[in-house]
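Values reported hereafter were calculated over all heavy atoms of this structure, with side chains retained and with hydrogens, waters and symmetry mates removed. What you see is a predicted model, and the numbers here were worked out from it, not measured in a lab. The residues of the chain are indexed from 1 along the displayed sequence.
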Amino acid sequence: MGKFKSRWFVSAVSMAMLGAGLATLTAAPANAAVSCTHAITISSDPSGSYAIVPGVSNGVSWAPGECHLSEGSSGAGVKAMQRGLNSCYGAGLTADGQFGPKTRSALIAVQKRIGVSADGIFGPNTRGTMRWMAYTNDTLLGCRYFKYA
């Protein structure tokens, strides 16, 4: 009986170690989307119009899949998204940089309006379809679509 318990214990430990190894193999890829922690400026055309949108860091491109925002996110990226939701979609949010339930609800409403998956996550589909407040030389131009590069 003692040998049986000992073999069972060794077998259980081996299985646990194997399971831990498999968990390591299934970790998220290094290029997984990150939080949009900054507000960045993007330009749309030769006329010089620009918008301030969520981005990964100052000066980094606004590439598809590059970053996401969801409930619990915070910072300048959330604030830029909230301002976009307010100025172009009348969301009526406090632009406080906190992605809470009200921001999520407003985002879902906009996602339904623009025809993308209404999941409450600000990712590449939403980012590429939303309209943003456009400026030129600090003059307000109204809401426009900005193609992200």
Side-chain angles (χ1 to χ4, degrees), residues 9 11-149:
F9 177 76
S11 190
V13 169
S14 297
M15 292 302 286
M17 290 174 68
L18 178 60
L22 290 176
T24 302
L25 293 175
T26 58
N31 63 350
V34 296
S35 180
C36 307
T37 55
H38 289 74
I40 63 170
T41 302
I42 60 170
S43 181
S44 74
D45 56 44
S47 72
S49 66
Y50 64 92
I52 299 169
V53 300
V56 175
S57 66
N58 294 325
V60 173
S61 72
W62 198 40
E66 185 176 85
C67 61
H68 290 71
L69 292 170
S70 59
E71 195 165 353
S73 298
S74 63
V78 173
K79 188 180 258 187
M81 180 191 66
Q82 290 169 327
R83 287 181 175 160
L85 293 171
N86 286 341
S87 60
C88 294
Y89 299 96
L93 298 168
T94 299
D96 59 3
Q98 301 298 314
F99 196 134
K102 289 181 182 177
T103 298
R104 184 176 187 278
S105 293
L107 181 60
I108 288 172
V110 168
Q111 288 173 322
K112 288 177 182 177
R113 183 173 168 186
I114 63 177
V116 299
S117 177
D119 58 6
I121 297 171
F122 180 83
N125 292 332
T126 302
R127 189 170 55 247
T129 309
M130 273 182 66
R131 297 173 71 89
W132 300 92
M133 186 55 66
Y135 302 89
T136 185
N137 297 325
D138 296 323
T139 301
L140 187 64
L141 299 175
C143 296
R144 296 186 178 176
Y145 170 77
F146 282 77
K147 183 176 179 177
Y148 53 93

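The minimum heavy-atom distance between I52 and A39, with the atom names listed, is CG2-CB, 3.8 Å. Nearest heavy atom pair, residue G120 against residue Q111, reads N-OE1, 2.9 Å. The two residues L107 and F99 have their closest heavy-atom pair at CD2-CZ, 3.9 Å. Residue S43 comes nearest to F146 through the heavy atom pair C-CD2, 4.1 Å, listed as atom of the first residue, atom of the second, then distance. The shortest non-hydrogen separation linking T126 to I114 is O-CD1, 4.2 Å. The minimum heavy-atom distance between A134 and R144, with the atom names listed, is CB-CD, 3.8 Å.
Applying the disulfide (SG to SG under 2.5 Å) test to residues at least two apart or on different chains, the pairs with a partner in residues 78-123 are C88-C143.
Panel note: side chain Q82, backbone Q98; a donor-acceptor pair is recorded below 3.5 Å. Under a 3.5 Å cut-off, the side chain of S73 and the backbone N or O of S70 do form a donor-acceptor pair. With hydrogens and angles ignored, the 3.5 Å screen pairs no side-chain donor or acceptor of Y50 with any backbone N or O of N137. Between the S49 side chain and the Y135 main chain, no donor and acceptor come within less than 3.5 Å of each other. Side chain of H68 to backbone of F122: no donor-acceptor contact under 3.5 angstrom is found.
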task: Before giving the answer on side chain to side chain contact (heavy atoms under 4.5 Å, CB included), spell out for L85 and M130 the whole-Å C-alpha distance, their side-chain angles and the decisive distance to 0.1 Å.
output: CA-CA 9 Å; L85 293 171; M130 273 182 66; 3.8 Å; yes
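Side-chain atoms of T103 and M81, non-hydrogen and from C-beta on, do get closer than 4.5 Å to each other. The shortest distance between side-chain heavy atoms of N125 and S117 does not fall below 4.5 Å.
Interatomic distance, CG of L141 versus CE of M133, reported as 9.0 Å (0.5 Å rounding). In this structure, OG1 on T94 lies 11.0 Å from NZ on K79, to the nearest 0.5 angstrom.
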